[in-house]
Amino acid sequence: MAHQAGGKRPAPRPVPETSETQTYLQDYGALLDTVTFPSLVVDHRWDVVLANAAFGVLFGGMRPHPTAMPEDNFLRFVLFHPDAGRVLGDHEAGWCLPMLAQLKGAMEAYGHDPELQAVRRDIAQDPLMEAAYRQGLPHWIRAVGERGTRLDGAVRLLLHPDPRRGPTECRIVEETPRTLSELGFRRLTLVPRDSRRAPAPVRRPRRSRATPAHLTVVPPPGN
């Protein structure tokens, strides 16, 4: 479902240029680096404001991409980077659809935002992505309910680049202090679950780059 989105991204929303805010974010970044689990701070359009070293290790093997690097905008990375499925297990159902739901909510709250509009345009340019957003997403939301669209508490599969770790379930924990919230930011941490609980087998379907398979979340034409 990943798509090579084109065009130049609008510049990220600037952090308020006050010494107090800058100092707070510097100190919070230092705190983030003490966390051993991948953790990041994003704004309402998923521009990455802060990310710790564990996040860098997890996604450090991604090839360069003009608009969808994980340390720049996590939403774009999940949806558009061709390597995202190498780390984000069960990529379509476990990551793409929940992030499309996040985009839908952000569009409802900040529909005027040029970056969110740019993401929506890039989705519209890809028939599979557009079908997922228009048809697959409403179907999925009806199936899981609104609660299922929230990221906090969700369990997702990671395929860690360290072969000693391999497929690992993680729980997404959102923990945002008041100051970050007032700045319009949120913090998410990927907490690995007990390795003794074996995750479900990982299926890696072979898909032709020239003729991608139909999305499993979208009913095939004629059905």
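Nothing here was measured: the structure is a model prediction, and the numbers come from that model.
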Asks: Before giving the answer on salt bridge (Lys or Arg N to Asp or Glu O under 4.0 Å), spell out for Asp152 and Arg150 the whole-Å C-alpha distance, their side-chain angles and the decisive distance to 0.1 Å.
Replies: CA-CA 6 Å; Asp152 182 42; Arg150 303 173 192 166; over 6 Å; no
Asks: From Leu183 CG over to Thr18 OG1, what is the distance, rounded to the nearest 0.5 angstrom?
Replies: 8.0 Å
Asks: Hey, are the side chains of Pro192 and Phe37 touching, using non-hydrogen atoms and a 4.5 Å cut-off?
Replies: yes
Asks: List the steps and the verdict of side chain to side chain donor-acceptor pair (under 3.5 Å) for Thr168 and Arg193.
Replies: CA-CA 7 Å; Thr168 305; Arg193 303 183 76 198; over 6 Å; no
Asks: Assign the ring pair Trp95 / Phe74 to parallel, tilted or perpendicular, where the plane angle (0 to 90°) is split at 30° and 60°.
Replies: perpendicular
Asks: Is any side-chain heavy atom of Leu116 less than 4.5 Å from a side-chain heavy atom of Tyr110?
Replies: yes
Asks: Do Ile123 and Leu103 have side chains that approach each other closer than 4.5 Å (heavy atoms only, starting at C-beta)?
Replies: yes
Asks: Hey, would you say the Phe77 and Phe59 ring centroids sit under 6.0 Å apart?
Replies: yes
Asks: To the nearest 0.5 Å, what is the distance between CG (Leu58) and CG (Leu159)?
Replies: 9.5 Å
Asks: Any side-chain to backbone donor/acceptor pair from Thr23 onto Ser19? Under 3.5 Å, distance only.
Replies: yes
Asks: For Arg63, does its backbone N or O pair with a side-chain atom of His81 as donor and acceptor, under 3.5 Å?
Replies: yes
Asks: Which value, rounded to the nearest 0.5 Å, describes the distance between Ile141 atom CD1 and Arg147 atom CZ?
Replies: 15.5 Å
Asks: Where do Asp43 and Arg186 land on the salt bridge (Lys or Arg N to Asp or Glu O under 4.0 Å) test, with the steps shown first?
Replies: CA-CA 6 Å; Asp43 65 10; Arg186 57 199 292 206; over 6 Å; no
Asks: Say you draw a straight line from CD of Gln102 to CG of Leu75; how long is it, rounded to the nearest 0.5 Å?
Replies: 8.5 Å
Asks: Establish, from distance only, whether the side-chain atoms of Asp33 and Asn52 form a donor-acceptor pair under 3.5 Å.
Replies: no
Asks: Using the salt bridge (Lys or Arg N to Asp or Glu O under 4.0 Å) definition, which of the options Arg76, Arg45, Arg121 pairs with Glu115?
Replies: Arg76
Asks: Donor-acceptor check, side chain of Thr36 to backbone of Thr34, threshold 3.5 angstrom: yes or no?
Replies: no
Asks: In Å and rounded to the nearest 0.5 Å, what is the CG to CE distance from Asp122 to Met129?
Replies: 8.5 Å
Asks: Can you name the residues that form a side chain to side chain donor-acceptor pair (under 3.5 Å) with Arg120, not counting sequence neighbours?
Replies: Glu130
